[in-house]
Protein chains: 4
Amino acid sequence: MITRTSALERPTTKQPRTDRGRRTRQKLIDAATAEFGEKGFHDASIIGITGRAGTALGSFYTYFDSKDEIFRSLVQELSDAVKERAALALVPNQSALDAERSALAAFLEFARDHKEIYRIIDEAEFVDPQSYREHYERTAQRIEERLAEGIKSGDLRPDIGEVEAWAIMGMNVFLGLRFSVWGADADHTEVSRAANAMLATGIASRR
Amino acid sequence: MITRTSALERPTTKQPRTDRGRRTRQKLIDAATAEFGEKGFHDASIIGITGRAGTALGSFYTYFDSKDEIFRSLVQELSDAVKERAALALVPNQSALDAERSALAAFLEFARDHKEIYRIIDEAEFVDPQSYREHYERTAQRIEERLAEGIKSGDLRPDIGEVEAWAIMGMNVFLGLRFSVWGADADHTEVSRAANAMLATGIASRR
Amino acid sequence: MITRTSALERPTTKQPRTDRGRRTRQKLIDAATAEFGEKGFHDASIIGITGRAGTALGSFYTYFDSKDEIFRSLVQELSDAVKERAALALVPNQSALDAERSALAAFLEFARDHKEIYRIIDEAEFVDPQSYREHYERTAQRIEERLAEGIKSGDLRPDIGEVEAWAIMGMNVFLGLRFSVWGADADHTEVSRAANAMLATGIASRR
Amino acid sequence: MITRTSALERPTTKQPRTDRGRRTRQKLIDAATAEFGEKGFHDASIIGITGRAGTALGSFYTYFDSKDEIFRSLVQELSDAVKERAALALVPNQSALDAERSALAAFLEFARDHKEIYRIIDEAEFVDPQSYREHYERTAQRIEERLAEGIKSGDLRPDIGEVEAWAIMGMNVFLGLRFSVWGADADHTEVSRAANAMLATGIASRR
DNA sequence: GATGAATGAGGATTCATTCAT
DNA sequence: TATGAATGAATCCTCATTCAT
């Protein structure tokens with residue numbers, strides 16, 4: 001039998017077999033997202049998670065092997081969610097630069113609505129370095145692919161590649177930190193516009 | 001008499017009063033830098049630190065009040081060190097864009113030589129959020145000031161400011177992550193050149 | 001439904017929810033009484049307590065927040081127990097002096113059976129000064145109330161009050177120390193009789 | 001060579017040989033009295049003592065073998081001081097009851113001026129049970145001796161002895177606790193008078 | 001004698017994980 | 001499945017005492 005396994009349904013022996021089980025599991029995942037996002041990995045506790053979920057402590061281990069495992073699941077899930085959101089923002093027949101602007105705008109919005117991703121993905125560097133690195137490498141990869149398309153279509157300079165992709169990613173991440181997580185009151189449209197202008201034609205004066 | 005007090009010599013009741021004491025304290029700081037950089041805050045242990053330093057466990061508390069305190073000291077010290085390195089890289093009479101290139105080059109080098117700063121400063125988000133935020137806000141501030149000078153001198157477009165400063169910082173940080181921490185074999189001159197070109201005139205094709 | 005909450009069942013988040021839990025908690029309380037009584041607060045250790053109780057170290061913290069907390073509970077419990085024992089000794093229609101004699105006799109017996117109360121309540125002076133003071137103030141208060149009734153009934157001189165109450169308490173406490181804790185072989189009836197005679201008509205010779 | 005050894009000059013190898021040494025030693029004793037009286041034995045620290053004394057940590061061990069030793073010295077010293085004060089209060093040709101009144105009055109005063117004795121002597125029960133017991137047994141003994149004299153002179157009933165001595169001691173101690181340590185504003189003359197009246201002729205009404 | 005650095009045993013507390021019901 | 005009690009390794013921190021200068 002072939003089973004599609006999404007991020008959270010990885011090969012593990014702990015799949016719920018009843019509906020009630022599925023509901024409990026989901027409650028635990030939501031609770032863990034809140035707990036990790038609020039306290040960070042190390043200060044988060046299984047008791048804290050089961051407390052939020054309204055289940056007994058022991059029930060956690062009915063669905064997850066360890067604190068690490070659920071954390072990795074969440075990183076994976078959030079990483080997928082960001083990617084998906086960015087993908088949704090991409091409209092066909094957009095210019096390459098418009099695509100980047102949309103992606104940034106979508107990201108700023110997502111970050112504002114899910115501030116915890118910052119904490120969770122960032123802390124993954126310590127808890128699960130592999131997930132962390134994979135997340136950013138996948139993201140840079142996607143940006144680089146978009147750049148390649150932009151080159152092909154003539155929108156972008158032909159001599160750009162990996163360096164520019166990482167630069168764009170860093171730009172986006174820190175704008176998210178500044179204008180979504182720390183300053184939720186910012187005007188995202190304006191931020192995206194300014195960043196995109198810089199990306200398009202730089203900051204040198206045009207003399 | 002004027003006494004310079006660096007970050008690590010802040011008013012605390014635990015200053016060494018002899019030379020021997022000063023040496024021990026320094027050994028502990030070096031050991032802590034290695035331990036935190038290698039294991040992250042939570043997996044680092046006082047035993048690990050004193051083990052590396054070659055002192056007894058209790059000696060740690062002769063100079064520091066707690067694991068938290070030494071960590072904060074380190075974040076502060078590293079934050080100051082990065083800043084100083086960037087400042088040293090700034091040559092008088094450079095154009096604004098050359099200044100940014102120098103700063104990035106200096107940072108990439110520094111990051112390669114002190115890979116642990118990534119772990120330490122990054123983990124500060126969880127251990128000591130205030131330091132973390134302050135570090136990045138101070139850094140962005142300095143970049144913004146340099147941009148303002150570039151505007152004044154006519155090197156840069158007059159309509160740039162905070163958004164661009166944060167974007168540049170994010171760009172630098174992620175290039176450091178990719179090309180200093182994860183890929184120490186990279187050609188920093190080329191990375192700086194490419195990033196600076198993007199910064200100067202953007203990535204749009206010039207038709 | 002009315003639930004009686006004794007001193008040790010105060011509102012805390014650590015109440016056992018099963019019978020097994022209740023048994024374990026009680027074992028810990030008994031063990032702590034022995035440990036504190038034998039070694040005093042500071043030399044007592046959680047390991048010592050759980051060792052006596054036959055539970056794992058960590059189980060202590062399933063039911064108590066800290067070494068201080070259980071100590072306070074014990075002081076409270078013992079304070080209540082002494083009070084209760086003294087109250088039980090009071091027979092209706094006794095004369096005021098007979099009441100004091102019964103109270104002392106009951107106390108001497110109680111002290112002999114629970115020698116540890118001396119150590120525990122006494123050390124409370126340092127560990128938990130408030131409990132300590134409260135214990136003795138409550139006790140003196142009760143004695144004073146009994147004296148007041150004796151005055152009303154005409155058994156006692158009308159000009160006595162707080163000073164006499166504290167004097168009686170001190171007398172009882174030290175007789176307990178000498179004849180119950182240190183000299184368990186003493187004849188309590190004789191001690192009570194002598195002390196009561198002194199209390200009734202003093203020690204001056206009757207010429 | 002015969003050396004008179006007072007309480008604090010017990011056979012120990014640590015007698016100061018110079019004047020400066022004697023002064024340092026005394027500073028340490030005064031500091032220890034304050035420190036123990038304020039914090040109790042266990043919360044007191046050698047650092048606390050040397051800090052108050054204004055000497056270096058290591059200097060403590062130039063004069064005392066251990067924390068226990070200095071504590072025992074202090075208990076002994078204070079015990080002697082109380083005894084001496086009580087002795088001084090005894091005027092020749094006083095009646096036995098007047099003698100007890102004077103002793104109590106002297107004690108109340110002493111306790112008011114040296115509140116720390118309560119803490120120190122009381123905590124001795126845990127730190128140095130032998131000193132503690134000896135202190136009270138010596139005190140009871142002295143009272144009993146005075147009672148015997150009172151009997152001989154015909155002032156007191158002939159059938160009193162150890163029980164009454166302990167009762168009087170307890171009375172005194174608790175009146176000291178209540179009216180000197182906790183209520184320094186009390187009228188000691190009145191307290192002594194009331195307690196003495198009770199002692200003389202009891203509290204039964206005279207019908 | 002005086003100083004203060006060095007030592008390390010000792011103890012409280014936390015919490016992920018296991019287990020019995 | 002759900003529950004919550006039991007477990008004990010792990011770790012921070014304290015502080016009396018020793019020691020080198």
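Letters A, B, ... are given to chains in the order of the sequence lines, protein chains preceding strands, and every chain is numbered from 1.
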[X] [atom1] to [N] [atom2], straight-line distance once rounded to whole Å:
X: Phe64(B); N: dT11(F); atom1: CZ; atom2: C1'; value: 19 Å
X: Leu28(B); N: dA6(E); atom1: CG; atom2: C1'; value: 11 Å
X: Gln15(B); N: dG4(E); atom1: CD; atom2: C1'; value: 14 Å
X: Lys39(A); N: dT14(E); atom1: NZ; atom2: P; value: 13 Å
X: Glu69(B); N: dC12(F); atom1: CD; atom2: P; value: 15 Å
X: Ile49(D); N: dA2(E); atom1: CD1; atom2: C1'; value: 18 Å
X: Lys27(A); N: dA2(F); atom1: NZ; atom2: P; value: 8 Å
X: Asp43(C); N: dG11(E); atom1: CG; atom2: C1'; value: 12 Å

_Nearest-0.5 Å distance, CD1 of residue Ile120(D) to CZ of residue Phe71(D)_ =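 Taking CD1 in Ile120(D) and CZ in Phe71(D), the distance rounds to 6.5 Å.
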*asked:* Measuring from atom CG of Asp128(A) to atom OG of Ser73(A), what distance do you get when rounded to the nearest 0.5 angstrom?
replied: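 With rounding to 0.5 Å, CG (Asp128(A)) is 10.0 Å from OG (Ser73(A)).
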*Would you please name every residue forming a ring-ring contact (aromatic ring centres under 6.0 Å, His included) with His42(A), sequence neighbours left out?*
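Here the qualifying residues are His42(B).
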*With sequence neighbours excluded, tell me which residues meet ring-ring contact (aromatic ring centres under 6.0 Å, His included) with His135(C).*
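Expected list: none.
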*asked:* Quick check on contacts: within residues 121-130 of chain C, what sits under 4.0 Å from DNA chain F by heavy-atom distance?
replied: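 Heavy-atom contacts with DNA chain F come from no residue of residues 121-130 of chain C; none.
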*Tell me, please, which residues at least two apart from Glu134(C) pass salt bridge (Lys or Arg N to Asp or Glu O under 4.0 Å).*
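Glu134(C) satisfies salt bridge (Lys or Arg N to Asp or Glu O under 4.0 Å) with no other residue.
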*Identify which nucleotide among dG4(E), dT1(F), dG1(E) has an atom closest to any side-chain atom of Thr18(B), counting heavy atoms from C-beta outward.*
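The answer is dG4(E), which lies nearest to the side chain.
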*What nucleotide among dT1(F), dG8(F), dA2(E) has an atom nearest to a side-chain atom of Arg17(A)?*
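Nearest listed nucleotide: dT1(F).
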*Can you name the side-chain hydrogen bond (donor to acceptor under 3.5 Å, both in side chains) partners of Arg23(C), sequence neighbours left out?*
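In terms of side-chain hydrogen bond (donor to acceptor under 3.5 Å, both in side chains), with neighbours along the sequence ignored, Arg23(C) is linked to no residue.
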_Taking side-chain hydrogen bond (donor to acceptor under 3.5 Å, both in side chains) as the definition, give me every residue that meets it alongside Asp122(B), ordered by chain and number, with sequence neighbours left out._
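So Asp122(B) forms no side-chain hydrogen bond (donor to acceptor under 3.5 Å, both in side chains) with any residue.
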*asked:* Once you apply a heavy-atom cut-off of 4.0 Å, does Ser59(B) come out as touching a base, just sugar-phosphate, or nothing?
replied: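 Base contact.
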*Using a cut-off of 4.0 Å between protein heavy atoms and nucleotide atoms, how would you tag nucleotides 16-21 of chain E 5' to 3' with B, S and -?*
SBB---
*Can you tell me which stems DNA chain E forms when a stem means 3 or more consecutive Watson-Crick or G-U pairs under 3.5 Å?*
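DNA chain E stems, ordered by first number: E:2-21 with F:2-21.
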Residues which pass side-chain contact (heavy atoms from CB on, under 4.5 Å) with [X], listed by chain and number, not counting sequence neighbours:
X: Thr50(B); result: Leu28(B), Ile46(B), Thr55(B), Leu57(B), Phe60(B)
X: Asp30(C); result: Gln26(C)
X: Arg119(D); result: Glu125(C), Phe126(C)
X: Ala32(B); result: Phe36(B), Ile49(B), Ile70(B), Leu74(B)

